Amino acid sequence: MRKLLTRRSLITGAALGAGGLLSGCDALSRSPAFQNILGSAEDANFLVQRALGDRMELASEYTIADLSPKFRANGTRDPGTPDYTASAAQGFADWQLRLTGLFAKPQIFSLAALQSMPQRTQITRHDCVEGWSAIGQWTGVPLKLLLDLAQLQDKAKFLVFHCADRLGGRPYYESIDLLDAFHPQTIMAHRLNGEAVPVENGAPLRLRVERQLGYKHAKYVTGIEAVATLDNIGSGKGGYWEDVANYEWYAGI
Amino acid sequence: MGQMQNRSKNRAVRHRLTTRLWHWLNALCLLVLIMSGLTIFNAHPRLYWGEYGANDDYAWAAVGSSQTIGYVRVGETKIDTTGFIGNWQDSEGKVQTWAFPGWATIPSYYSLAEGRRWHFFFAWIFSVGLAFFMIRSLFNRHVQKDLHITRTEWRPSHIWRDVKNHARLRFHDDGAVSVYNILQKLSYIGVIFVLLPLMIFSGLAMSPAMDANWPLLTDVFGGRQSARSIHFIGMFLLVLFFIVHMMALVLAGPLKQTWAMITGGKREGGSNA
Ligand code: HEM
């Protein structure tokens, strides 16, 4: 009998404990201070993952045989703004990529100009924060070539990518640091699997920053702004998802 | 048995302080890692083999959800899990179609970003704790003394006897509770030295940055989506281990055993086994 009681109290205790734990976790989860503590793991991930490689290590590349039959699209499928739709109707002939901010020589590139520069083609794996992956072949201009033309000022620490799409009324944007900006696989891609990038995948121009998760790979890019700090962009966390949903700025895992 | 004579000189407690500290820290970490992991899983409740895998690709396991039913599909087998997985009611009685229910996830509402923060924070504590415990257990000879499997124990007849004893719910020869038996040793070694490290490595193998740093890591798992599947299966095995662990605990006297893991307990059943 004694045993039975203990067993029962044990189970009740466990159930109560679990309930308490759960609501406790939710309360903690909603508290900004605790979020910051948990978020410190991001700093550790960033430091360790950057320290482990020679900092310019390439992401794995694959062959045509490894391609995903269908490259899944996520987020915005079509920006749908009048400007974008008009530009799409003429094959993005009037699309412009503006390099602004802390550059010695700000630049404006047309799509044709970008396409006439030296290109890089890479078959890489796209990993979404949600858990799925797709392998695709991307062709585009190495970002480094554009930066060499525009010449970053010393104060510049980050590049902000401004996009043509809006989600929930807010413009999409993303940002990366200079290490990723000069990485050989970081390209402004205009071709996917040998064809112009489809609208759902970010036509006509999207960022590829291969060592990070999918939400960093800004689509529909219209501008690259060099900045010293991310504080004054959006809500200051360095990206759309970072601002609205607390996703990590460093998306290496 | 030979092994008993050379047991540590006069260790008075059954569980060393490091073992106890690690046990409870690890228990907390695993609980949070499993529950926050399920939040992450809910973002895309499909598992694949190979490097890639998304909605148009074949998933070897998936959760199906709709407003009316929920099911788990493994291969071609569908199991109706309405009310539990894929279709369940939250505390306000509203039908939710996330894969795993709120009581099994951290946070209990769906937030991938928050689930990931919990997961990676506790992944660090868990990994550092495990590394520390492993090294410490080799140095304080916990492994060699308490977990080392002797030749006699490896004999099939011995293992078989232990299996039969377990089937009769007799866990310890001659009341020697302080000495781990062969099945116990095997499961502890398997969990601590195989399954738990596997969780760390399969977790890291899913990181695109780590994939660039150490491409071999993802390769040994057969690709990122395979690593994700193995990570999930590992979680499942840990839950099974936990259930068996709890059954053994209840049968062996929950209060006494738990108390021993908190205070260290007394060694008993001495050297006569
Ligand atoms: C033993 C403890 C752990 C358990 C029980 C656990 C459980 C889970 C579960 C259930 C998921 C959901 C997706 C999936 O099944 O793959 C997950 C995701 C994940 N875990 Fe863990 N995990 C553990 C430890 C770790 C560690 C130590 C790391 C890091 C080194 C890690 C990294 C990850 C990552 C990166 C994901 C996201 C995968 C995705 O995008 O879907 N996990 N974990």
Side-chain angles (χ1 to χ4, degrees), chain A residues 3 6-7 10 14 18-19 21-23 25-26 28-30 35 37-42 44-46 49-50 52-54 57-60 62 66-72 74 124-135 185 210-213 241-242 245-248 250-253, chain B residues 31-32 35-36 40-48 50-57 91 102-109 111-125 203-204 206-215 218-219 223-225 228 246 249-250 253-255 258:
Chain A
K3 209 159 193 176
T6 43
R7 229 174 276 173
L10 207 77
L21 185 87
L22 263 185
S23 47
C25 285
D26 284 356
L28 283 173
S29 223
R30 289 199 173 101
Q35 275 290 321
I37 299 178
L38 289 181
S40 62
E42 179 199 13
N45 292 342
F46 178 67
Q49 295 191 344
R50 281 288 171 86
L52 281 177
D54 72 357
E57 221 79 66
L58 296 188
S60 296
Y62 303 84
D66 305 317
L67 290 179
S68 289
K70 161 111 180 76
F71 195 98
R72 185 185 155 176
N74 206 17
T124 51
R125 196 189 64 220
H126 180 90
D127 298 329
C128 179
V129 64
E130 293 169 358
W132 53 269
S133 309
I135 297 182
Q185 284 171 324
E210 301 294 353
R211 296 179 300 177
Q212 298 205 42
L213 297 174
W241 286 112
E242 290 88 327
N246 265 325
Y247 280 87
E248 308 296 351
Y250 176 67
I253 183 161
Chain B
L31 187 70
V32 174
M35 295 176 72
S36 58
I40 300 176
F41 180 82
N42 277 358
H44 188 75
R46 299 165 58 82
L47 295 170
Y48 314 87
E51 278 285 11
Y52 66 79
N55 301 50
D56 291 305
D57 306 306
S91 50
W103 58 261
T105 63
I106 294 179
S108 73
Y109 49 91
S111 165
L112 176 57
E114 288 171 29
R116 282 167 49 85
R117 286 214 167 157
W118 282 90
H119 205 69
F120 300 139
F121 185 81
F122 280 88
W124 270 105
I125 302 180
L204 287 176
M206 289 186 272
S207 147
M210 287 309 297
D211 189 24
N213 287 337
W214 297 345
T218 311
D219 285 351
R224 179 180 195 252
Q225 290 302 319
R228 187 166 181 264
M246 285 303 108
L249 176 74
V250 167
L255 290 187
T258 308

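Within every chain, numbering begins at 1; the chains are lettered A, B, ... in the order of the sequence lines, protein sequences first and strands thereafter. The model shown is predicted, which means the values in this text are computed figures rather than measured ones.
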Worksheet item: How close do B:A113 and A:A245 get, heavy atom to heavy atom, and via which atoms?
Response: CB-O, 2.9 Å

Discussion item. Please classify the contact between A:Q185 and chain B as side chain, backbone, both or neither, with a heavy-atom cut-off of under 4.5 Å.
Written reply: neither

Worksheet item: With a 4.5 angstrom heavy-atom cut-off, which part of A:I37 approaches chain B: side chain, backbone, both or neither?
Response: both

Worksheet item: By a 4.5 Å heavy-atom criterion (distance strictly below it), what part of A:A44 contacts chain B: side chain, backbone, both, or neither?
Response: both

Item to complete: Apply side-chain hydrogen bond (donor to acceptor under 3.5 Å, both in side chains) to B:D219 and list each qualifying residue two or more places apart in sequence or on a separate chain.
Response: none

Worksheet item: Looking only at heavy atoms, which two atoms of B:P215 and A:S60 are closest? And how far apart?
Response: CB-OG, 4.1 Å

Worksheet entry | Expected output: side-chain B:R117 to main-chain A:A41 donor-acceptor under 3.5 Å | no

Response to the item:
Taken in chain and number order and not counting sequence neighbours, the residues that satisfy ring pair (Phe, Tyr, Trp, His ring centres under 6.0 Å) with B:Y48 are B:H44

Response to the item:
Looking only at B:F122, B:F41, B:W103, B:W124, the option with the highest number of non-hydrogen pairs under 4.5 Å against chain A is B:W124

Discussion item. Measuring from atom CZ of B:R116 to atom CD of A:E42, what distance do you get when rounded to the nearest 0.5 angstrom?
Written reply: 9.5 Å

Item to complete: Could you tell me whether the side chain of A:D127 reaches within less than 4.5 Å of the side chain of B:M206, counting heavy atoms only?
Response: no

Item to complete: Let me know if A:Y250 has heavy atoms under 4.5 Å from chain B in its side chain, its backbone, both or neither.
Response: side chain

Worksheet item: For A:S40, is it the side chain, the backbone, both or neither that has a heavy atom under 4.5 Å from a heavy atom of chain B?
Response: side chain

Worksheet entry | Contacting region of B:R228 [heavy-atom separation from chain A under 4.5 Å] | side chain

Worksheet item: Going from CG on B:L112 to CG on A:N246, what distance comes out if it is rounded to the nearest 0.5 angstrom?
Response: 11.5 Å

Practice prompt. Drop me the distance from B:N55's CG to A:K70's NZ, to the nearest 0.5 angstrom.
Written response: 9.5 Å

Worksheet item: Which pair of non-hydrogen atoms, one from A:S133 and one from B:E51, has the smallest distance, and what is that distance?
Response: CB-O, 3.7 Å

Discussion item. Does any backbone or side-chain atom of B:S111 lie under 4.5 Å from a heavy atom of chain A? Answer side chain, backbone, both or neither.
Written reply: neither

Fill in: A:Q212 versus chain B, the contacting section by heavy-atom distance below 4.5 Å
backbone

Worksheet item: Hey, does B:W118 have a side-chain heavy atom less than 4.5 Å from the side chain of A:L28?
Response: yes

Worksheet item: How long is the gap from CD1 on A:I253 to NE2 on B:H119, to the nearest 0.5 Å?
Response: 8.5 Å

Worksheet item: Rounded to the nearest 0.5 Å, how far apart are OH of B:Y52 and CG of A:D66?
Response: 8.0 Å

Fill in: Min side-chain heavy-atom separation B:M210-A:L52 under 4.5 Å
yes

Worksheet item: How many angstroms lie between CG in B:D211 and CZ in A:R125, if you round to the nearest 0.5 Å?
Response: 4.5 Å

Worksheet item: Is there a donor-acceptor contact under 3.5 Å from the side chain of B:Q225 to the main chain of A:G131?
Response: yes

